[in-house]
Every structure is written in structure tokens, then in C-alpha cells.
2 protein chains.
Amino acid sequence: MSLTADASDKPTLYKRIRADIEKRILTGEWPPGHRIPFEHELVARYGCSRMTVNKALSELAQADLIERRRRAGSFVRRPQHQSAVLKIADIRAEITALGRGYGYELISRKLRAATAADRERLGVKKAGKVIAISCRHSADNVPFAVEDRLIDLSSVPSAATADFSREPPGSWLLHHVPWTEAEHTISAIVADDRTAEALDIAIGAPCLVIDRYTWRSARTITAVRLLYPGDSHRLVARFKGG
Amino acid sequence: MSLTADASDKPTLYKRIRADIEKRILTGEWPPGHRIPFEHELVARYGCSRMTVNKALSELAQADLIERRRRAGSFVRRPQHQSAVLKIADIRAEITALGRGYGYELISRKLRAATAADRERLGVKKAGKVIAISCRHSADNVPFAVEDRLIDLSSVPSAATADFSREPPGSWLLHHVPWTEAEHTISAIVADDRTAEALDIAIGAPCLVIDRYTWRSARTITAVRLLYPGDSHRLVARFKGG
DNA sequence: TTGACTTATATGTCTAGACATATCATCGTA
DNA sequence: TACGATGATATGTCTAGACATATAAGTCAA
């Protein structure tokens, strides 16, 4: 081992302890189930107080890399049964990150009393007003995605006066509604005639579908369906863990 | 406000402080940009030491709910530009979670010297041996997904003797390779004749594609492509945050 | 063999201090 | 006006203790 207690340290001590342990886990030197040295052992090894070691281990536990059990010790966790994490980026950010020009076009915007279908889609019972928006995002003037969105005006009244002909509703909401929870569903369909025309692809071509349903504190905000050309668009996720 | 300092406490103090603040942020009472009370103010309010308050705030910062700036204070963060986190579950776990019977069937298994295409797919330069596996997962005897996998034997030599006719390679790898990193790409295609037959769907039907590329400490382990019937399969993600 | 009780122990939380460090605000100077 | 030095301040890290609590493991009795 080389858990040296000194070293010319840029990072603080607890970070170094955390990094040391993390490295051993990630390289497989300490496999899942392996017992990590007790706090008092690490205290002796690094020559610091227990609180410092505890902070390092607590953060590793919070990151699900280790599991801490009273009286037993700390153990390397088995990879989270093969689940992974995928990051879905904002469309504008995604296009900009690709170094391509972002374009936005409002297709339609309707303010109406919520129909039964609208209420079902938003998961609300009470009738109220909604805004239905249809728009298109493009990259270098090539259709990138079409968006079909419903906003619950009783949750976001200020959306009634927002100008969605210039700003995409997703960006607007992001800046006007603070913290949210959301549920995403990803699926695939083949393009019908309307979709094919909007995305400038062939009828029957594959499309990636993202349905996002957003709320805040049990209050529905918006439901959106994004359609991407399936053969050209890709969602990429990199993750560390199990 | 009702930041009461006492109360019949099941949870510990720092957890209660953290929950109090989190609630205010999530409900929008403290919007993005809002300055959270200084540590010394919270110390006074809760009647505890600074370390206790610090622990609560540190965890909120780690969860990206707040941002801490020296000398300035702690602030509610603006939602992470509309990125989200999606959990992709293991196929067997996914099917079992749905309360359906999991079925597995090995279609082919070939051990061979890596071809140029294999090396490209695995992202390795050196020639070596690989295992190519094709298999199918089903739910209640209905095809659920087809899997096409490549395992780098120089990284996982023991895979050569594994019995993939009984155990899915994904599960086997999970139990024999500790911690990994991975990259996922999700896209959509339409079924060609071979895929259509394997999944028992029509040619031209939409399919969801997940390409997963897994490595450990810069060492390639496996590359896998999963094909799901796109109209029936869904990836669902729930998340909290921006 | 099984079940109930006891004990040792590692983690969980907390304190009342300490010094370090980044940075905002102010004041003085060129 | 612009720039540079200075001090105030909030967070960042750390200490050397403390008591609480869950639980593995051992002990003893039914």
C-alpha cells in the first residue's frame, strides 16, 4: 500500500483520503464487499482526527460507493444492480454544444380551457386554462426536433403573457419556474405524415420520442413530447458507478 | 417562518436543518439566487454549533441545490440547465419489477480473434480474442429485447469459460467485474428483417436502441447493443432537480 | 439447538473552539 | 478615474474530545 500520510498536498486532507479510497475501489483493488479500514485505522494511517476521516467516508457513502454498517465497518458496495444514469440535455444547449446554429420556430400557440384530454395529459382533475404549443427546433436550419407542449396556466399564470414566438417554452419555463421534478419516458415510433413533414424525413422513418412531465411540489406545470429523427439523433450518457 | 429549534425529533438535527432548507427551495419560497441565512444565523436559530449547520449546508451543496461562496454566503442554485437524469435498469430487474416472467435465450456465442470491426467497436488497438454473443430476453415468453454483445477477453479472461447459455452475459459481467464506467447512446431505428423476426414484430416497426460501452480504468470490457420494440418498450426516469 | 440476554465496538452525531483562505467593500493613491 | 492595498467576513477545513446507538458476537439458560 501507499496510503502515505504526508505528500505535497494541493487538495485538503479529507479529499485526499476520499480520493485514495475511491481509486482503490475503481481500480478493483478493493472489490465489492471488501471491508474498508476502520475509521480509527485511517486516523492512525493519516495522522488526523476522526472527524476528518469521517467526512471522507460519509461522502463516499453519499455517492453510493461504500456502505457503512454500525459495528461492522464500511464496505465497498456492489454495483447498483446494473442501472445507469443518462443525462438529457436541453435542446438549445445540445445544439450549441455541437457547434451548430440553433434555430427556433413557433408553429402554433393556443390558449384554451383544458379539455378532458388536456387534463388527462397533465394529470390534473380540476378544469382550468392551458396553453398548447407546437414548435420546432433546428440545427443549422435542419429540423432537429419538434415539440408539442401543454402548460398548466393555473400553476404558471405568467405563461399567458410570455412571448413564445421568440423564446422556446422550455427555456422560458426554466427561467420562470424554480425547482421542479420531472418524469421522462423514452420510446420509439415511426413518423406519420404530419411528423414526417415537420422533421423533413420520410414517412415511416424511425423517431425517438421523449415525453417529459414536469411538476413542482405536487403541482403540475407542463407536459411535453419531443420528437427527434431517430437515425440522426442520439442521447449520450456517460456515467461512473454500477 | 417556522424554523423551530426544538420539536420531537426522530431525525437528527443536521438532517432536520437540511430538510427545512430543502423544503423552502423546492416549494419556491426561496427561489434561485436567494441567499440562505448565514451559518452563524442558523447556528443561532437552531441553537447548535457551526459544524452541525455546516454539515447540512455541505450536503445541500453536494446535491447541487445550493451554491456556497466564500465571504458572500450560500445561494439557491439556478436549475441545472434543463438536464435530467435517467435510470436505465437491468433487463432482468426491469422485467421482474413489472411482475412478469423473465426468459432468456442464447442465440449464438462465438469466440474469435478480434476482427478490425471488433477492435473498432471496442475502441482498442491491440489484436486479441473476443467473445461475440447474441441473445434474447423475453417477458412472459414475449420477446422483450435482443442483445448483441462483444466482450474483450484480454480484459475479462474468465469470460471464456462462463456458461452464457444459462446466465445472461450482462448479469454475469455484473458479478465478475467490479466497478465500471459506461457510455450509453440511445437512438431509434426501424426493424430490418432479421430484427423483426427476433422480436416478433413487423418489418419497418420502430425499435429503441441502446448502445452501451463499458470499461474499467481505461480498459475496455464490453460493447453491447440492445434492441427493443419501440412502441411497447419505455425507459422511464424520475428525477428531482433542474 | 434454539432463544434471550449481555457486551464490545464501529459508526452517527455533536461541541466549542481554531486557523486558513477567498473575496467583497472600502479607502487611499497615482 | 483607475488601480492597488487593506480589512472585514463567510465559508473551508480541522481538532480532540463527548455521548448515542445499532449490531455482531459471545454467553448462558431452556
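The structure displayed is predicted, hence computed values, not measured ones. All chains are named by letter (A, B, ...) in the order of the sequence lines, taking the proteins before the strands, and each is independently numbered beginning at 1.
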Hey, does B:Ser58 reach any base, or is it just sugar-phosphate, or nothing, if we go heavy atoms under 4.0 Å?
-> nothing

Just the atom pairs and distances: protein N or O near nucleotides 24-28 of chain C's N or O, under 3.5 Å.
unit_1 : atom_1 : unit_2  : atom_2 : d
C:dC24 : O2     : B:Arg71 : NH1    : 2.6

Residues A:Asp140 and A:Tyr102: side-chain donor-acceptor under 3.5 angstrom | no

Donor + acceptor pair across side chains of A:Tyr14, A:Asn54 (<3.5 Å) = no

Those residues at least two apart in sequence (or on a different chain) that pass salt bridge (charged side-chain N to carboxylate O under 4.0 Å, His left out) with A:Glu167 are none

Outermost contacting nts on DNA chain D, any atom under 4.0 Å from chain A heavy atoms, listed 5' then 3', are D:dT13 to D:dA25

Do A:Glu22 and A:Arg16 sit within salt-bridge range, that is, some charged N less than 4.0 Å from a carboxylate O?
-> no

A:Phe75 ring centre to A:Arg68 NZ or CZ under 6.0 Å, with the angle to the axis within 45°?
-> no

Does the distance from a Lys or Arg side-chain N to an Asp or Glu carboxylate O, for A:Glu181 and A:Arg219, drop under 4.0 Å?
-> no

What residues form a salt bridge (charged side-chain N to carboxylate O under 4.0 Å, His left out) with B:Arg121, not counting sequence neighbours?
-> B:Asp148

All salt bridge (charged side-chain N to carboxylate O under 4.0 Å, His left out) counterparts of A:Arg50, not counting sequence neighbours = A:Glu39

In this structure, CG of B:Leu226 is separated from CD1 of B:Ile186 (nearest 0.5 Å) by 10.5 Å

Note: contacts of residues 48-55 of chain B with DNA chain C (heavy atom, under 4.0 Å) are B:Cys48, B:Ser49, B:Arg50, B:Met51, B:Thr52, B:Lys55

Tell me yes or no: between the side chains of B:Thr222 and B:Arg149, is some donor less than 3.5 Å from an acceptor?
-> yes

